[in-house]
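Quick caveat: nothing in here was measured; it's all calculated off a predicted structure.
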Amino acid sequence: MPLRTALLEVNHWHTGMYAEALKNLGVPVAAVSDADIHRAREWADQIGCRAYDCPQELLDKEQVDFVFALAPHHRMLALASMLAKRAQPFSMEKPMALKAERLAELVEPIERAGMFAGVAFVRRLSGYGKALLDRREQIGAVGHFQGRFIGGPMQRYVEDGCPWMLDKREAGGGCMMNFGTHFFDLFIEMTGERVDLVFCQTSRRLHGASAEDFSSVLLKTESGALATLESGYLLPGEPKENMISVSGANAYAGNEGARWGEKPVIAYRNGKTERITDPEPNYADYTADVLRRFQADEKPLADIRAMTRVLACVNAAYESDETGKPAQPSCWI
């Protein structure tokens with residue numbers, strides 16, 4: 001029999017991507033939930049499934065094998081905690097919580113139970129991000145990592161029915177919490193080291209929301225590797241600015257100024273060059289990868305421990321922005 005899935009707390013702009021991917025994969029969606037039952041019913045009507053206003057009730061009444069969990073950021077921790085207590089396999093959108101210390105409480109119980117609990121760090125899946133991670137040894141010890149991702153205006157989240165993304169109390173932050181987490185994750189994975197220092201400045205000048213529309217972050221690891229990361233909601237529309245460069249002991253990788261579709265190059269210090277031609281990942285690829293790993297009893301692409309480390313860095317960045325001083329991640333597991 002095919003897997004039965006559910007989409008939990010669908011007040012999120014990625015819901016349609018998961019729904020379309022599951023439809024194309026031929027994987028049934030038994031039901032959806034959202035605290036706003038009207039929102040749940042809208043998605044249920046589109047998908048052709050049942051709607052609930054409570055994820056616990058959905059799981060009590062529906063026999064599902066796997067769930068894709070979304071939700072506004074301030075409700076994610078409660079949702080993840082409930083899934084962990086039920087030992088319900090799931091994949092959740094980032095950031096999974098607003099504070100790393102709270103998310104860290106779930107790591108040991110989930111790992112002890114051996115349950116599948118993934119997080120959507122899709123840049124690990126294919127394309128440039130995967131190419132860098134696959135070539136960590138060839139690139140050598142990282143001296144500097146630079147990432148810049150600039151997207152369209154914040155209004156598009158309002159148009160997608162997710163105005164909570166503009167409210168720092170509900171979203172936890174703006175572009176850094178949304179876009180920037182991918183870069184934090186890649187830097188931590190590329191170096192394999194603890195981040196010791198974070199300095200950050202943000203701006204809300206363009207859109208005037210409580211969540212920032214631009215962030216600039218400096219990270220430093222225990223060995224002295226540096227990352228400079230920028231993210232923003234600055235463009236009037238598409239395409240996005242998407243740049244990553246890495247300076248390693250053995251190579252320099254870069255796609256400076258590139259936008260979606262342009263191919264990065266790795267220049268090795270022995271004179272060899274390599275162009276990365278793999279396509280960038282999308283949510284159809286990610287959904288298929290999650291279900292394949294789950295059915296094969298493999299570990300997720302990225303787990304809750306990885307999300308906790310990233311969130312600790314993001315929390316430190318917002319602390320630095322508020323104080324004007326460097327901060328240290330308070331939680332590292």
Check your understanding: If you measure only the distance, is there a donor-acceptor pair under 3.5 Å linking the side chains of Thr228 and His144?
Key -> yes
Review point. Are Thr202 and Arg204 close enough that a side-chain donor and a side-chain acceptor fall under 3.5 Å?
Key: yes
Exercise for review: Taking atom CZ of Arg169 as the centre, report whether more than 12 heavy atoms of other residues, nucleotides or ligands fall under 6.0 Å from it.
Suggested key: no
Check your understanding: Donor-acceptor pair, Thr287 side chain versus Tyr18 backbone, under 3.5 Å?
Key -> no
Practice item. Could you list all the salt bridge (Lys or Arg N to Asp or Glu O under 4.0 Å) pairs where at least one residue sits in residues 72-90, not counting sequence neighbours? Key: Glu9-Arg75, Asp34-Arg75, Asp60-Arg86
What donor-acceptor contacts under 3.5 angstrom involve side-chain atoms of residues 205-214, with partners at least two apart or in another chain?
residue : atom : partner : partner atom : Å
His207  : NE2  : Tyr233  : O            : 2.9
Ser210  : OG   : Leu166  : O            : 3.3
Ser210  : OG   : Lys168  : N            : 2.9
Glu212  : OE1  : Gly174  : N            : 2.9
Glu212  : OE1  : Tyr318  : OH           : 3.2
Glu212  : OE2  : Gly174  : N            : 3.1
Glu212  : OE2  : Cys175  : N            : 3.3
Glu212  : OE2  : Met176  : N            : 2.9
Glu212  : OE2  : Tyr318  : OH           : 2.7
Asp213  : OD2  : Leu206  : N            : 3.2
Asp213  : OD2  : His207  : N            : 2.9

Practice item. Sequence neighbours left out, what pairs pass salt bridge (Lys or Arg N to Asp or Glu O under 4.0 Å) with at least one residue falling in residues 106-115? Key: Glu108-Arg112, Glu111-Arg305
Practice item. Report yes if some heavy atom in the side chain of Val122 is under 4.5 Å from a heavy atom in the side chain of Tyr283; otherwise report no. Key: yes
Check your understanding: Less than 4.5 Å apart, any side-chain heavy atom of Thr308 and any of Cys331?
Key -> yes
Practice item. With the side chain counted from C-beta on, respond yes when Val119 and Lys94 share a heavy-atom pair under 4.5 Å apart, and no when they do not. Key: yes
Exercise for review: Give a yes or no on whether Lys130 atom NZ has more than 12 heavy-atom contacts from other residues, nucleotides or ligands under 6.0 Å away.
Suggested key: no
Exercise for review: List in chain and number order the residues that pass side chain to side chain donor-acceptor pair (under 3.5 Å) with His182, two or more places apart in sequence or in another chain; answer none if no residue qualifies.
Suggested key: none
Check your understanding: Is any side-chain heavy atom of Val290 less than 4.5 Å from a side-chain heavy atom of Leu301?
Key -> no
**Study point:** Inter- and intrachain pairs under salt bridge (Lys or Arg N to Asp or Glu O under 4.0 Å), touching residues 173-184, at least two apart
**Key:** none
Review point. Which residue pairs satisfy the side-chain hydrogen bond (donor to acceptor under 3.5 Å, both in side chains) criterion with at least one member in residues 39-49, sequence neighbours excluded?
Key: Asn11-Arg39
Practice item. Rounded to the nearest 0.5 Å, what's the gap from CG on Asp285 to CG on Leu125? Could you check? Key: 6.0 Å
Check your understanding: Between the main-chain N or O of Ala306 and the side-chain N or O of Arg309, is there a donor-acceptor pair closer than 3.5 Å?
Key -> no
**Study point:** Side chain proximity check, Phe183 to Leu219, heavy atoms < 4.5 angstrom
**Key:** no
Exercise for review: State, without any angle test, whether Glu274 and Tyr268 hold a side-chain donor-acceptor pair at a distance under 3.5 Å.
Suggested key: yes
Practice item. Quick one: pull up CZ in Phe187 and OG1 in Thr221 and give me the separation to the nearest 0.5 Å. Key: 5.0 Å
Exercise for review: Report yes if the side chains of Leu7 and Leu22 come closer than 4.5 Å at any heavy-atom pair, otherwise no.
Suggested key: yes
Point to revise | Crowding at CZ, Arg136 (>12 non-hydrogen neighbours, <6.0 Å) | key: yes
Check your understanding: Counting heavy atoms not belonging to Asp297, are there more than 12 under 6.0 Å from its CG?
Key -> no
Check your understanding: Rounded to the nearest 0.5 Å, how far apart are CD of Glu230 and CZ of Phe179?
Key -> 13.5 Å
Review point. How about Arg135 and Ile276: do any of their side-chain heavy atoms sit closer than 4.5 Å?
Key: yes
Check your understanding: Can you tell me if CD on Glu20 sees more than 12 non-hydrogen neighbours from other groups inside 6.0 Å?
Key -> no
Review point. Parallel, tilted or perpendicular: which describes the rings of Tyr157 and Trp13, with under 30° parallel and over 60° perpendicular?
Key: perpendicular
Check your understanding: Taking all atoms of both residues into account, what is the closest heavy-atom pair of Met76 and Met92, and its distance?
Key -> O-CE, 3.7 Å
Point to revise | Glu280 side chain to Tyr128 backbone, donor-acceptor under 3.5 Å | key: yes
Revision key, fill the gap. Correct closest heavy-atom pair for Pro153 and Leu235 would be CD-O, 3.0 Å
Point to revise | Tyr286 and Ser91: side chain donor to acceptor below 3.5 Å | key: yes
Practice item. Look at the rings of His73 and Trp164 and say which category their plane angle falls in: under 30° parallel, 30 to 60° tilted, over 60° perpendicular. Key: perpendicular
Check your understanding: Heavy-atom distance under 4.5 Å between the side chains of Leu106 and Met96, does that happen here?
Key -> no
Revision key, fill the gap. Rounded to the nearest 0.5 angstrom, the CG-CG distance for Leu291 and Leu3 is 6.0 Å
